[in-house]
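Have a look at the structure below, then the notes.
Quick note: numbers below take in every heavy atom, side chains included, and nothing from hydrogens, waters or symmetry partners. In each ligand, atom 1 is the first atom listed, and ligand 1 is the first ligand listed.
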Amino acid sequence: MKFMVTGALGQLGRVTVEELQARGIEVVGTDIPELPVDDLPALQAFFEGYRPSHVLHCGAITNVDGCETDRDLAMRVNGRGTANVAEMCRDFDSALVYVSTDFVFDGNGTRPYHHNDAPSPVSVYGESKLAGETAVLSHGRPDFYVTRTAWVFGPGGENFPKAIMNRANQGLPLSVVDDQVGCPSMTRDLAPAMVDLALSGADGGVYHMANEGSCSWYEFACDILTRAGIEVPVTTMSSSELDRPAKRPSYSILDCTRLTEVRGGPLPTYQDALDRYLEEELA
Ligand SMILES: NC(=O)c1ccc[n+]([C@@H]2O[C@H](COP(=O)([O-])OP(=O)(O)OC[C@H]3O[C@@H](n4cnc5c(N)ncnc54)[C@H](OP(=O)(O)O)[C@@H]3O)[C@@H](O)[C@H]2O)c1
């Protein structure tokens, strides 16, 4: 058994490599500049040399606002790059877990999104990640998985909890949107879930993968500060006041039942994950 993890310098990829190493599983992590997934010949050369049995595809352009202004890059890496990874996995008979996003949904839902609900992205980033999903699923392989996660944070990464604590520690005012709700998810819980799914022999297809619980960004900010023991006022604002280039789904709570059934239980609550994150990050 030999794993490949793309995007291994990113916040999820790095922790995923650590998870595999901790299990004693052979793994090679790849990232740019050495191995861009949108470089098919380079990818092919890597597969010919390493012949991974399992690929966990975390590499992506994740700058959601940046994707609005560089659509070509987003589609080339998240769409075509993922199609390249899927083609190589087909050719070399490797199982594939592709990490996708809640941003494939438009946010008009009124109950947690089921893995079979129709995607309808409202941003270029969401569109490009959906193009990746379509490429993976087009192979119809029983060992190709699309895992949609959300609001990712983890040790060493650039993420929302870190940004909130940095602003608070610098004495900057904190105003946070309260009209977007989702499922904060921690890399230390996502990584084992991906590895378990890759090894499960479960049916291929789409799986939602997030920590238990949901909140607004405002509630998440309050949770972060309370649990970090930082006492500063936080005010609310609306998404329209924030006026970011990319539209975000206002509601993107994920129903993770399918993954829960495969693993025999849900991921821990996001509050529990936050405590572990803070313990590690602030140590
Ligand atoms: N972060 C979130 O809130 C969130 C939510 C839902 C889903 N996801 C998905 O989860 C996965 C991991 O996200 P993350 O938070 O770990 O993001 P991240 O920290 O930005 O990691 C992504 C990694 O992929 C690399 N990358 C960029 N272009 C590449 C290319 N052409 N070929 C190979 N690798 C490339 C990035 O390098 P650079 O940093 O140099 O660009 C980075 O090291 C992504 O697929 C993302 O779409 C993330």
#### Entry: Leu137: side chain to side chain contact (heavy atoms under 4.5 Å, CB included) partners, not counting sequence neighbours
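Testing Leu137 for side chain to side chain contact (heavy atoms under 4.5 Å, CB included), a comparison that skips the adjacent residues, returns Val146, Val206.
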### Task
For Arg227, check side chain to side chain contact (heavy atoms under 4.5 Å, CB included) against everything at least two apart and list the hits.
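By the side chain to side chain contact (heavy atoms under 4.5 Å, CB included) rule, Arg227 matches Asp223, Gln271, Leu274, Asp275, Leu278.
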Donor-acceptor contacts under 3.5 Å from residues 60-67 side chains, at least two apart:
unit_1 : atom_1 : unit_2 : atom_2 : d
Asn63  : OD1    : Asp65  : N      : 3.3
Asn63  : OD1    : Gly66  : N      : 2.8
Asp65  : OD1    : Ala246 : N      : 2.9
Asp65  : OD1    : Arg248 : NH1    : 2.7
Asp65  : OD2    : Arg244 : NE     : 2.9
Asp65  : OD2    : Arg244 : NH2    : 3.2
Asp65  : OD2    : Arg248 : NH2    : 3.4

### Query
Tyr98 and side-chain contact (heavy atoms from CB on, under 4.5 Å): which partner among Val136, Val55, Val85?
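The residue from Val136, Val55, Val85 that satisfies side-chain contact (heavy atoms from CB on, under 4.5 Å) with Tyr98 turns out to be Val136.
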### Query
What residues sit with at least one heavy atom under 4.0 Å from ligand 1?
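Residues near ligand 1: Gly7, Leu9, Gly10, Gln11, Leu12, Asp31, Ile32, Leu35, Pro36, Val37, Asp38, Cys58, Gly59, Ala60, Ile61, Thr62, Val77, Val99, Ser100, Thr101, Tyr125, Lys129, Thr149, Ala150, Trp151, Val152.
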### Message
How long is the straight-line distance from OH of Tyr270 back to CD of Glu212, given to the nearest 0.5 Å?
### Response
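If we round to the nearest 0.5 Å, Glu212:CD and Tyr270:OH are 12.0 Å apart.
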#### Entry: Check: Gln180/Ser216 side-chain N/O donor and acceptor closer than 3.5 Å
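No.
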